[in-house]
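This report concerns only the one structure given below.
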Amino acid sequence: MGETEEGANPANGADHAPSAPADAPADVTVDVTDRATAARSAARSPARTKHDLRRRIRAERRGRTPQEQADDARALVASVQAVPEVAAARCVALYASMPGEPQTEELRAALRARGVRVILPIVLPDGLMEWADDSGELVAPAGFGGDEPTGPRLGLDGIRAADVVLVPALAVDTLGRRLGQGAGYYDRALPLLDDGVPVVAVVHDGEVLDAAVEPVPDEPHDRRVDAVVTPKGYLRLGG
C-alpha cells in the first residue's frame, strides 16, 4: 500500500535544465526550480507550501503514460536491488503501490524470488499501520489505504523485522526531507524502528528536489529519510 491522498499546474521552472549537487550520482536527476519560485514558496507556511507542492506533483504524475509507468517499473527493480542495504537485506519493508506512484509489483516479486522476506503495511482505521508478509497476493482494503497483503499479520511493530524500509513519497529533497500524501502514516510508523535501520524513499525521476533551491517544507512531526531511489538510480541524502 502506498499512501492515501489528503492534484495542478506543471512544475514551475520546467524549462530550466536540472542540475545535481556535486555528490549526486550522474544517473539521478535532481530537479531544480527557479529561485524566484523557491522564494515565493518560502514565504508561505509549511502546510500551505506542502499543499501546493502536492498538487503540482500529483498533476505531473497523472500525465505519465502507461508505457512510461511500465518502463519505470522495470528499471526500478534494478535500481532498488543496487542499493547496498537492500542487496544485503534478509527482510525489506515495502508497499503495494497505488496509481501514480512508482509501481512496485515487479520489485516485490524480484525480491521474493531472491529469497528476501517482504513485508507490506495495512492501514488501520485509527491512522496507524500494521504489517503483514507479502505472499504475492493482494486484496482490496477493508477500509482505508490501498490493496492489502494476505500473509500473516505481524502487528504494529512488525516493521521492526525489516533490515531496510522503502517508503512511498511524492518528493524528497537532498537533505532527506520527505513529502508524503499528508496522512502521516509513516511519520507514526518510522519511530518504531531501531536506530540505524535505513529508510529509503521511492519516487519518480524528477521528484528529487535540490534543498538549496526548493526545499521540501519541514514540520516537527516529519521524519527524514536516509536515501532516495528512482528508476535511474539512488542517492544518499542529508547534510
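No side-chain heavy atom of Pro191 sits less than 4.5 Å from a side-chain heavy atom of Tyr186. A 4.5 Å side-chain heavy-atom check between Arg117 and Asp134 finds every atom pair outside the cut-off. Two residues are said to be in side-chain contact when any heavy atoms from C-beta on lie closer than 4.5 Å; Asp210 and Asp173 fail this criterion. The shortest side-chain heavy-atom distance between Val164 and Val200 falls under the 4.5 Å cut-off. Side-chain contact between Leu190 and Leu192 is absent, with no heavy atoms from C-beta onward closer than 4.5 Å. Asp163 has its side chain out of reach of Val86: every pair of non-hydrogen atoms, C-beta onward, lies at least 4.5 Å apart. Counting heavy atoms from C-beta outward, Gln181 and Met98 have side chains that stay 4.5 Å or more apart. Side-chain atoms of Leu209 and Val172, non-hydrogen and from C-beta on, never get closer than 4.5 Å to each other.
Taking a 6.0 Å sphere around CD of Glu105, one finds it holds 12 or fewer heavy atoms contributed by other residues, nucleotides or ligands. Within 6.0 Å of atom CZ in Arg90, 12 or fewer heavy atoms from other residues, nucleotides or ligands are found, so the atom counts as exposed in its surroundings.
Salt-bridge check for Arg153 with Glu148: passed, with a basic side-chain N closer than 4.0 Å to an acidic carboxylate O. Residues Arg61 and Glu101 are not paired through a salt bridge, judged by the lack of any N-O separation under 4.0 Å between the basic side chain and the carboxylate. Classification of Arg56 and Glu207 as a salt-bridged pair fails, no side-chain N sitting under 4.0 Å from a carboxylate O. A salt bridge does not link Arg178 to Asp222: none of the charged side-chain nitrogens sits closer than 4.0 Å to a carboxylate oxygen.
Thr104 places no side-chain N or O within donor-acceptor distance of the main-chain N or O of Leu107, the cut-off being under 3.5 Å. With hydrogens and angles disregarded, no donor-acceptor distance shorter than 3.5 Å links the side chain of Thr150 to the backbone of Leu138. Of the possible polar contacts, none joining the His204 side chain to the Gln69 backbone as a donor-acceptor pair under 3.5 Å is found.
Atoms CG and CH2, on Asp157 and Trp131 in that order, are 11.5 Å from each other to the nearest 0.5 Å. How far CD of Gln81 is from CG of Leu76: 9.5 Å, rounded to the nearest 0.5 Å. Atom CG of Leu166 and atom CZ of Arg108 lie 12.5 Å apart (nearest 0.5 Å). Remark: Ile57 CD1 to Leu179 CG distance equals 5.5 Å, nearest 0.5 Å. Note that the CZ atom of Arg236 and the CG atom of Asp226 stand 8.5 Å from one another [nearest 0.5 Å]. With rounding to the nearest 0.5 Å, the separation of OG1 in Thr49 from CD in Glu219 is 9.5 Å.
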Worked verdict on Val203 versus Val208 for side-chain contact (heavy atoms from CB on, under 4.5 Å): CA-CA 8 Å; Val203 297; Val208 182; 3.9 Å; yes
Worked check of side-chain contact (heavy atoms from CB on, under 4.5 Å) between Leu94 and Leu111: CA-CA 10 Å; Leu94 230 173; Leu111 290 170; 3.7 Å; yes
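Minimum interatomic distance between Ser79 and Gly233 (heavy atoms only, all atoms of both residues): OG-N, 3.3 Å. What you find for Cys91 and Ala161 is that their closest heavy atoms are CB-O, 3.4 Å. For Pro121 against Met129, the heavy-atom pair with the smallest separation is CB-SD, 3.6 Å. Across every non-hydrogen atom of Ala162 and Val197, the tightest pair is O-CG1, 3.8 Å. Residue Arg223 comes nearest to Asp187 through the heavy atom pair N-OD1, 3.1 Å, listed as atom of the first residue, atom of the second, then distance. Of all heavy-atom pairs spanning Gly127 and Tyr185, the tightest one is O-CD2, 3.1 Å.
If you chain together hydrophobic residues whose side chains sit under 4.5 Å apart, Leu120 and Leu124 never meet in one group. Using a 4.5 Å cut-off between side-chain heavy atoms of Ile, Leu, Val, Met, Phe, Trp and Tyr, with links allowed through other members, Tyr95 and Leu128 fall into different hydrophobic clusters.
Applying the side-chain hydrogen bond (donor to acceptor under 3.5 Å, both in side chains) test between Asp218 and each of Lys50, Arg177, Arg224 identifies Arg224 as the sole match.
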